[in-house]
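Report on the structure given below.
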Amino acid sequence: IPQVKAEEIPQIKEIYFLNSLEGWIGTNVIEGYSPLLYRTVNGGQDWEKRSVGGKGSIDRFQFLPDGLHGWMGGLFSGSFYRTTDGGSNWEDINFGGSTHILGFHFLNEDLGWVLPNVVGSIDDTNTIQDLEGAIWKTENGGKDFRLQYGWMRDRPDIGENFPGQDTSPGPQFLDLSFVDAEHGWALGRTTFGASAHDARVFFTDSGGADWRVRGTVDLGVHRICFANTLRGFALHYSHSQPVFETRDGGYTWNPRYDIL
């Protein structure tokens, strides 16, 4: 299989390493109606080009420590992918339409949460104004999903919509982080074109059965990660902005100018 150098890879969207040797790159390139991704096993010296069925870009990866079970997704794909053999083969889990998979988090090979977003509104120039997101949970590695929060315009046939679940309009969901099977946080932005100065941090202590707003953080934040139920970090889109930290479980966030 031909190998390429990192500088030869176009339109890189995401770089993810499992360890010091094995890593993946997701791109915004479609070749033969398939998103391109690249894999290295020598720390990034050489990259092997691969493709998967579907469309859109590959913006996110996650692998478990075993290196075998992994997931990926991205913008305009309509699909969420999973592997059980280290990325040799990827299974396409179709969320329908031009769904954007902006975030996901798996605790083990079975239990995980995914953030599908759909287009909320388009202006007169056909430009997307906002996205409307939802939180879906799986307990079998992604074979089936259960809606927990938010709604989707065209609900995909990927699991039952159980009575009593919150199907009110959801914000644009960007990222989420769980520290155990019960405690998790999701990062959301206001949708429907409403003005907002901050992003909202949603919290659950019931495995996602109930989500509520716990605090707010700078609107430019697009990634969050929690180390335990109290301490977490938030990453801004702009490299000129600081990392934000919480030490009270997401109620308040303070800039960390000492972290570069």
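Between Trp47 and Phe17, the two ring planes are perpendicular [angle over 60°; tilted spans 30° to 60°].
Side chain of Gln148 to main chain of Gly207: a donor-acceptor pair is present (N/O by atom type, distance under 3.5 Å, no hydrogens or angles). Ser57 contributes no side-chain N or O that, together with a main-chain N or O of Thr27, makes up a donor-acceptor pair within less than 3.5 Å.
With sequence neighbours excluded, no residue forms a side-chain hydrogen bond (donor to acceptor under 3.5 Å, both in side chains) with Trp253. Residues passing the side-chain contact (heavy atoms from CB on, under 4.5 Å) test with Asp110 are Asn108, sequence neighbours excluded. Legend: residues meeting ring-ring contact (aromatic ring centres under 6.0 Å, His included) with Tyr251, ordered by chain and number and at least two apart, are absent. Partners of Ser238 by side-chain contact (heavy atoms from CB on, under 4.5 Å), not counting sequence neighbours, listed by chain and number: His236, Ser240, Gln241. Applying the side-chain contact (heavy atoms from CB on, under 4.5 Å) criterion to Arg39, with sequence neighbours excluded, gives Glu22, Trp24, Val41, Arg50. Residues that satisfy the salt bridge (charged side-chain N to carboxylate O under 4.0 Å, His left out) test with Arg214, not counting sequence neighbours, are absent from this structure. Looking at residues two or more places apart in sequence or on another chain, you find a salt bridge (charged side-chain N to carboxylate O under 4.0 Å, His left out) between Asp46 and Lys5. Listed by chain and residue number, Arg256 satisfy the side-chain contact (heavy atoms from CB on, under 4.5 Å) test with Asp258 (two or more places apart in sequence, or in another chain). Residues meeting the ring-ring contact (aromatic ring centres under 6.0 Å, His included) test with Phe202, sequence neighbours left out: Tyr149, Phe173. Applying the ring-ring contact (aromatic ring centres under 6.0 Å, His included) test to Phe106 and every residue at least two apart in sequence or in another chain returns Trp71. Scored by the salt bridge (charged side-chain N to carboxylate O under 4.0 Å, His left out) test, Asp210 finds Arg212 as partners (sequence neighbours excluded).
When Trp136, Phe145, Phe104, Phe178 are each tested for a ring-ring contact (aromatic ring centres under 6.0 Å, His included) with Trp113, only one passes: Phe178.
Atom CG of Leu102 is separated from atom CG of Leu174 by 6.0 Å, given to the nearest 0.5 angstrom. In this structure, the separation between SG on Cys225 and CG on Leu187 is 12.5 Å, given to the nearest 0.5 Å.
Residues Asp175 and Ser177 have side chains that never bring a donor and an acceptor to within less than 3.5 angstrom of each other.
In plain terms, the two heavy atoms of Ile224 and Trp185 that are nearest each other are CD1-O, 3.8 Å.
Here Leu235 is tied into one hydrophobic group with Phe233, Val243, Ile259, each link being a pair of ILVMFWY side chains closer than 4.5 Å.
Taking a 6.0 Å sphere around CD of Glu139, one finds it holds 12 or fewer heavy atoms contributed by other residues, nucleotides or ligands.
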